Amino acid sequence: MPELPEVEVSRMGIKPHAEGQVVTKLDVRQPQLRWLIPDSLYDIEGQTIHAVSRRAKYLILETDIGYALIHLGMSGSLRVLPEMVPPAKHDHVDLHLSSGAVIRYNDPRRFGAWLWQPNHSDHPALEKLGPEPLTDAFTGEYLFERSRNKRTAIKQFIMDNPVVVGVGNIYANESLFTSRIHPQRQAGLLTLDEANLLVGNIKTILETAIQQGGTTLKDFTQADGKPGYFAQELLVYGKMGKPCPVCETLLESVKIGQRNTFFCPSCQV
C-alpha cells in the first residue's frame, strides 16, 4: 500500500497542477470507498485550491471554505490528465480544474477515502496523530520518553500513529534493520542511544524514499505515471530466506500486529 513517501510524492506530483486552480467540477463515479463520499465534498466546486499539503497519509486540498482530505488506502493513486482522456476501470473520482486538467483518482480495492471538512476546523481523522517523522518534533528523546514502560513490540510501537505518523510496514522493517534492533523487542527496553539511532535512520530512509520517488510494489504510481525506485534499495523487506546483506545469515520473517516483519536474527538484538 502507499506509505508516507508515496503519499508525499503524490503531493509533490499534483501540487504544481492544483495550486491556484479553480475546481470547476467534481465527478464521482463510485461514491462507496472506505467511507461513503459525503455530499458536502461538492462544496469544493467553484473554490480555488490554495495549497496542497499532507498530514500523515492524508493529502489536503485547502480552499477558502474548507479542505478536502484524500487517503490513498491500499491501492489508490492520483494522476494529472487532460480532461478529454476517458476514465478507465477503477477511476472513481475526477476533480476538474480551470486549467483543463483533471486530477483523477484510481482505486481498485476501494479502501481509500475522499472527505470534506468545512471552515478549517479539525477533521476527526486528523485528531490524536503524533508528530510528523521528518520534523524537529520527532526526536530520539521524544521516542525514548514515549516508550517508557511499554511492552509493545518496538516495530508495532513506531507504526502507531499516536506515537509518530507515517512509519509504515516497509520503512519500519528497514529502519529497525539498519539500527540493529530486533523488531520483537519491547519498546520499553529501548535505550536513549538506540532511540536516537532509530529516529535518525527513520528520517534518512524516509527522505531517501521520497527523493527516489517512493516505493513501487504492486499498486503505486506517481501523479505523472512514473513508478518509484526505492524498492531497489530495500535491504530486508520481502527477503525472507535470503542472506543478510551484512552478515549473510538467512533473513527470517514473523508476523507482528498482523503485519509481515523481516529481520536478521544475528544482526538485530
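Predicted model only: the values in this text are computed from it and were never measured.
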K.L.:
Fit a plane to each ring of His71 and Tyr58, take the angle between them on a 0 to 90° scale, and name the class: parallel (under 30°), tilted (30 to 60°) or perpendicular (over 60°).
P.N.:
perpendicular

K.L.:
Between atom CG of Leu206 and atom CD of Glu174, what is the distance when rounded to the nearest 0.5 Å?
P.N.:
11.0 Å

K.L.:
Counting only heavy atoms not in Arg148, do more than 12 sit closer than 6.0 Å to its CZ atom?
P.N.:
yes

K.L.:
Any side-chain donor paired with an acceptor under 3.5 Å for Lys128 and Asn161?
P.N.:
no

K.L.:
I need the minimum non-hydrogen distance between Val9 and Ile210, along with the two atoms involved.
P.N.:
CG2-O, 3.8 Å

K.L.:
Within a strict 4.5 Å, meaning less than it, do heavy atoms of the Asn260 and Asn173 side chains meet?
P.N.:
no

K.L.:
Using a strict threshold of under 4.0 Å (side-chain N to carboxylate O), is an ion pair present between Arg29 and Asp27?
P.N.:
yes

K.L.:
If you define the side chain from C-beta out and look only at heavy atoms, does anything of Gln156 sit under 4.5 Å from Ile256?
P.N.:
yes

K.L.:
Nearest 0.5 Å, please: how far is CG in Leu115 from CD1 in Ile70?
P.N.:
9.5 Å

K.L.:
Consider only side-chain N and O atoms of Thr152 and Gln186, and report whether a donor and an acceptor are under 3.5 Å apart.
P.N.:
no

K.L.:
Measure across Val165 and Leu129 and return the closest heavy-atom pair with its distance rounded to 0.1 Å.
P.N.:
CG1-CB, 3.8 Å

K.L.:
What's the separation between atom CD1 in Ile154 and atom CG in Leu189, rounded to the nearest 0.5 Å?
P.N.:
9.5 Å

K.L.:
Give a yes or no on whether Leu143 and Ile205 share a hydrophobic cluster (residues Ile, Leu, Val, Met, Phe, Trp, Tyr; joining criterion: side-chain heavy atoms under 4.5 Å apart).
P.N.:
yes

K.L.:
Do Ser75 and Asp107 meet the criterion of a side-chain donor-acceptor pair at a distance under 3.5 Å?
P.N.:
yes

K.L.:
Is there a path of hydrophobic side-chain contacts, each under 4.5 Å between heavy atoms, that joins Leu250 and Phe262?
P.N.:
no

K.L.:
To check you understand the geometry: which heavy-atom pair defines the closest contact between Gln21 and His17, and what is its length?
P.N.:
CG-O, 3.2 Å

K.L.:
Please name the pair of heavy atoms, one in His123 and one in Trp116, separated by the smallest distance, quoted to 0.1 Å.
P.N.:
CD2-O, 4.0 Å

K.L.:
Within a radius of less than 6.0 Å around CD of Gln30, do more than 12 heavy atoms belonging to other residues, nucleotides or ligands occur?
P.N.:
yes

K.L.:
Can you list the residues that meet the side-chain hydrogen bond (donor to acceptor under 3.5 Å, both in side chains) rule with Glu8, with sequence neighbours excluded?
P.N.:
Arg11, Arg54

K.L.:
With a 3.5 Å distance limit and no angle check, can you tell me whether Lys239 reaches the backbone of Leu234 through a side-chain donor-acceptor pair?
P.N.:
yes

K.L.:
Measure the shortest side-chain to side-chain distance between Phe111 and Leu72 over non-hydrogen atoms and say whether it is less than 4.5 angstrom.
P.N.:
no

K.L.:
Check for me, please, whether Leu235 and Leu198 land in the same ILVMFWY cluster - side-chain distances under 4.5 Å, paths through other members count.
P.N.:
yes

K.L.:
Without swapping roles, check the side chain of Glu3 against the backbone of Ile170 for a donor-acceptor pair under 3.5 Å.
P.N.:
yes

K.L.:
Name all pairs fulfilling the ring-ring contact (aromatic ring centres under 6.0 Å, His included) condition that reach into residues 86-105, sequence neighbours left out, sorted by first residue then second.
P.N.:
Tyr105-Trp114

K.L.:
Can you tell whether the side chains of Glu6 and Lys57 come within less than 4.0 Å, N to carboxylate O?
P.N.:
no

K.L.:
For the atom pair OH (Tyr237) and OG1 (Thr261), what is the distance rounded to the nearest 0.5 Å?
P.N.:
9.0 Å

K.L.:
Quick check: are there more than 12 heavy atoms from other residues, nucleotides or ligands sitting under 6.0 Å from CZ of Arg185?
P.N.:
yes

K.L.:
Would you say Pro82 and Val102 make side-chain contact, with heavy atoms under 4.5 Å?
P.N.:
no

K.L.:
Out of curiosity, does Phe157 fall in the hydrophobic cluster containing Phe263 (side-chain heavy atoms, cut-off under 4.5 Å, transitive links)?
P.N.:
no

K.L.:
Is there side-chain contact between Pro133 and Lys203, with at least one heavy-atom pair below 4.5 Å?
P.N.:
no

K.L.:
Measuring from Tyr42:OH to Lys25:NZ, what's the distance to the nearest 0.5 Å?
P.N.:
9.0 Å

K.L.:
To the nearest 0.5 Å, what is the distance between CD on Gln47 and OG1 on Thr63?
P.N.:
4.5 Å

K.L.:
Tell me whether Ile37 shares a hydrophobic cluster with Leu69, the cluster being built from Ile, Leu, Val, Met, Phe, Trp, Tyr side chains joined at under 4.5 Å.
P.N.:
no

K.L.:
Testing the basics here: between Ser10 and Leu59, what is the closest heavy-atom pair and its distance to 0.1 Å?
P.N.:
CB-CD1, 4.2 Å

K.L.:
Looking at Lys150, I'd like to know if its NZ atom is crowded, meaning that more than 12 non-hydrogen atoms belonging to other residues, nucleotides or ligands lie closer than 6.0 Å.
P.N.:
no

K.L.:
Check salt bridge (charged side-chain N to carboxylate O under 4.0 Å, His left out) between Arg104 and all other residues, then give those that pass, not counting sequence neighbours.
P.N.:
Asp94

K.L.:
Given Glu194 and Arg180, is the salt bridge (Lys or Arg N to Asp or Glu O under 4.0 Å) satisfied, shown in steps?
P.N.:
CA-CA 9 Å; Glu194 288 173 328; Arg180 302 176 70 91; over 6 Å; no

K.L.:
Is the shortest side-chain heavy-atom distance between Leu41 and Asp43 below 4.5 Å?
P.N.:
no

K.L.:
Is a donor from one side chain sitting under 3.5 angstrom from an acceptor on the other, for Asn106 and Ser77?
P.N.:
no

K.L.:
Are the side chains of Leu61 and Leu95 in touch, meaning some heavy atoms are under 4.5 Å apart?
P.N.:
yes

